[in-house]
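For reference, the structure discussed in these notes is given below.
Quick caveat, the model's predicted, so the values are computed rather than measured.
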Amino acid sequence: MAYDADIAIIGAGAAGVGAARRLAGTGLSVLVLEALPRVGGRAWTREAAGIAVDLGCGWLHSADRNPWCGIAEQAGFAIDRSEPGWGAQFGDLGAPAEQWRAARQAFDDWSERLAAEPPASDRASDALEPGGRWTAYLQALSGYISGDELERISARDYLAYSEASTYRNWRARVGYGTLIASSLPADTPLRLATPVEAVALKADGVALATPAGTVRCRAAIVTASTHVLAGDSIAWPAGLDPWREAATRLPLGRNEKLFLEIVGTGPFEPETHVLGAIDDPATGAYYIRPLGRPVIECFLGGTGARTAEAEGHEAAYARAIDELAGLFGASVRGCLRPFMASEWAATPTIGGGYSYAQPGCAPARLVLARPFEDRLFFAGEATHPTDFSTAHGAYETGLRAASEAMAALTLRPSRAGAGAKG
């Protein structure tokens with residue numbers, strides 16, 4: 001079997017970039033296959049009218065230990081270390097100040113109950129106060145944090161992230177998507193718009209079927225989302241059924257972004273934040289003039305994201321403008337116009353936002369991270385036990401999978417007559 005590469009990396013998101021960086025300079029030949037026509041996966045900085053926005057991940061979470069911060073600084077990209085505006089409702093718009101304080105306290109109380117007495121059911125909703133006044137507010141927050149309602153979220157999984165997080169959140173001024181896309185080593189062979197359609201194990205390695213032909217390699221690093229792993233767009237070896245079952249237990253939440261351009265000035269203060277409604281689990285979370293740019297970022301999670309998917313962009317923009325007009329006054333309608341929107345759930349090679357574990361299924365992350373026959377290695381945010389749902393977690397799993405693949409190939413040399421090429 002003549003190889004196209006020693007190691008093929010399936011996917012050029014944060015995990016794939018991490019794997020490629022780990023393998024650079026090792027003497028092993030590498031080939032990256034990406035189904036999308038760009039690098040970055042769920043990290044995507046887009047620019048229009050001179051305004052750059054992140055349609056995917058935007059905040060460098062746990063920034064004081066996030067490896068992307070060091071990568072950014074080494075590349076000469078500035079890091080903005082100012083505190084996010086999430087902690088307060090600007091001007092206490094939409095409800096009296098005491099209600100906003102009570103709602104935030106309800107979230108703190110729920111968090112403390114979850115940590116102090118994790119529910120035997122492992123359902124995060126079982127730590128809610130029965131008949132609690134602020135359940136709708138807490139469900140909205142769950143949508144932003146996990147992409148689904150608390151009934152479907154593992155308490156153990158949620159706590160693993162919460163306990164590991166440093167809650168330092170910074171930004172790369174150039175955009176997280178730009179940072180990640182620019183970090184793929186320049187000399188790494190890359191084939192964009194090349195989806196893998198089938199993965200087959202051969203006597204000496206792995207064969208990856210693509211529309212452009214079959215790629216042969218000694219090992220492959222799989223960074224596909226759990227939606228893809230659990231689905232049928234790629235034909236997988238039958239032996240991978242336990243991995244695919246684990247992927248079904250780690251579905252992608254629903255998370256989408258809408259951006260509204262601010263025309264003129266309006267009553268919008270930079271780096272401020274509002275929720276559209278305190279009692280609506282489908283409400284948008286609005287970040288105003290991020291980094292001083294003339295846009296409002298509307299983040300939708302759970303019910304809100306599913307509603308936007310079902311109704312379409314036009315209705316989602318109208319709902320967002322209605323919420324903002326309800327807070328700031330009808331005059332702001334003339335200051336806002338649709339700018340850009342994500343479609344993560346509708347992107348077949350991704351299929352949603354980021355992973356969460358269903359109740360009782362937090363161990364599925366470790367199952368999904370296991371190598372298969374020392375030829376297939378798995379990376380991606382869903383395989384990280386604590387930093388799932390983040391670009392730095394994905395990156396670290398790429399480093400881990402690449403190290404596993406290198407160790408396996410060291411112990412399993414090529415058969416006589418076979419050699420890498422390309």
Side-chain angles (χ1 to χ4, degrees), residues 5-26 28-46 54-63 65-77 79 170-172 174-196 208 215 217 219-226 228-229 344 347 349-350 354-355 369 376-384 387-406:
D6 287 313
I7 300 177
I9 301 172
I10 302 173
V17 170
R21 289 174 65 90
R22 177 67 182 88
L23 294 168
T26 62
L28 294 169
S29 59
V30 177
L31 174 62
V32 179
L33 303 172
E34 171 54 56
L36 295 171
R38 58 175 180 81
V39 175
R42 283 167 276 178
W44 190 13
T45 305
R46 288 192 64 190
D54 274 314
L55 287 180
C57 55
W59 291 88
L60 290 89
H61 297 301
S62 294
R65 64 173 179 81
N66 186 322
W68 287 112
C69 289
I71 294 169
E73 290 172 337
Q74 290 169 11
F77 294 139
I79 297 294
W170 300 341
R171 287 168 293 185
V174 72
Y176 215 159
T178 295
L179 168 60
I180 291 172
S182 67
S183 299
L184 182 71
D187 58 354
T188 300
L190 169 67
R191 298 184 189 175
L192 296 174
T194 306
V196 172
L208 307 175
V215 172
C217 53
I221 297 173
V222 180
T223 74
S225 73
T226 56
V228 172
L229 287 168
W344 298 116
T347 303
T349 57
I350 295 177
Y354 33 76
S355 68
L376 296 180
F377 302 86
F378 293 84
E381 55 87 11
T383 69
H384 201 294
D387 290 342
F388 48 86
S389 77
T390 69
H392 68 273
Y395 177 82
E396 289 172 352
T397 68
L399 301 181
R400 184 257 306 149
S403 294
E404 291 171 344
M406 285 192 296

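- With hydrogens and angles ignored, the 3.5 Å screen pairs a side-chain donor or acceptor of Glu381 with a backbone N or O of Ser389.
- Distance check, rounded to the nearest 0.5 Å: CG of Leu31 to CZ of Arg191 gives 5.0 Å.
- With hydrogens and angles ignored, the 3.5 Å screen pairs a side-chain donor or acceptor of Trp68 with a backbone N or O of Ala391.
- Across all their heavy atoms, Leu208 and Cys217 have their closest contact at CD1-SG, 4.3 Å.
- Under a 3.5 Å cut-off, the side chain of Thr26 and the backbone N or O of Ala24 do not form any donor-acceptor pair.
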Would you sort out whether Val39 and Glu34 count as a side chain to side chain contact (heavy atoms under 4.5 Å, CB included), showing the intermediate values?
CA-CA 7 Å; Val39 175; Glu34 171 54 56; 5.8 Å; no
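- A 4.5 Å side-chain heavy-atom check between Ile71 and Tyr395 finds at least one atom pair inside the cut-off.
- Closest approach of Gly11 to Val32, counting heavy atoms only: O-CG1, 4.0 Å.
- Looking only at side-chain heavy atoms (C-beta outward), Asp6 and Leu23 stay at 4.5 Å or farther from each other.
- No donor-acceptor distance shorter than 3.5 angstrom exists from the side chain of Asp54 to the backbone of Gly175, with no hydrogens or angles considered.
- In this structure a side-chain-to-backbone donor-acceptor pair under 3.5 Å is present from Ser225 to Ile350.
- Without hydrogens or angle criteria, Arg21 side chain to Ser183 main chain gives a donor-acceptor distance under 3.5 Å.
- Heavy-atom minimum distance, Ala19 versus Ile9: CB-CD1, 3.8 Å.
- No side-chain heavy atom of Leu36 sits less than 4.5 Å from a side-chain heavy atom of Trp44.
- For the atom pair Leu179 CG and Phe77 CZ, the distance stands at 6.5 Å (nearest 0.5 Å).
- Of all non-hydrogen atoms in Val228 and Thr349, the two that sit nearest each other are CG2-O, 3.4 Å.
- A salt bridge does not link Arg400 with Glu396: none of the charged nitrogens is closer than 4.0 Å to a carboxylate oxygen.
- Considering all non-hydrogen atoms of both residues, Leu60 and Cys69 come closest at CD2-SG, 3.5 Å.
- In terms of heavy atoms, Val17 sits closest to Ala12 at CG2-O, 4.0 Å.
- Across Ile180, Thr178, Val174, a single residue satisfies side-chain contact (heavy atoms from CB on, under 4.5 Å) together with Tyr176, and that is Ile180.
- Within the 4.5 Å cutoff, the side chain of Thr390 has no heavy atoms near those of the His384 side chain.
- The closest side-chain heavy-atom distance from Arg65 to Asp387 is below 4.5 Å.
- Side chain of Thr223 to backbone of Ala379: no donor-acceptor contact under 3.5 angstrom is found.
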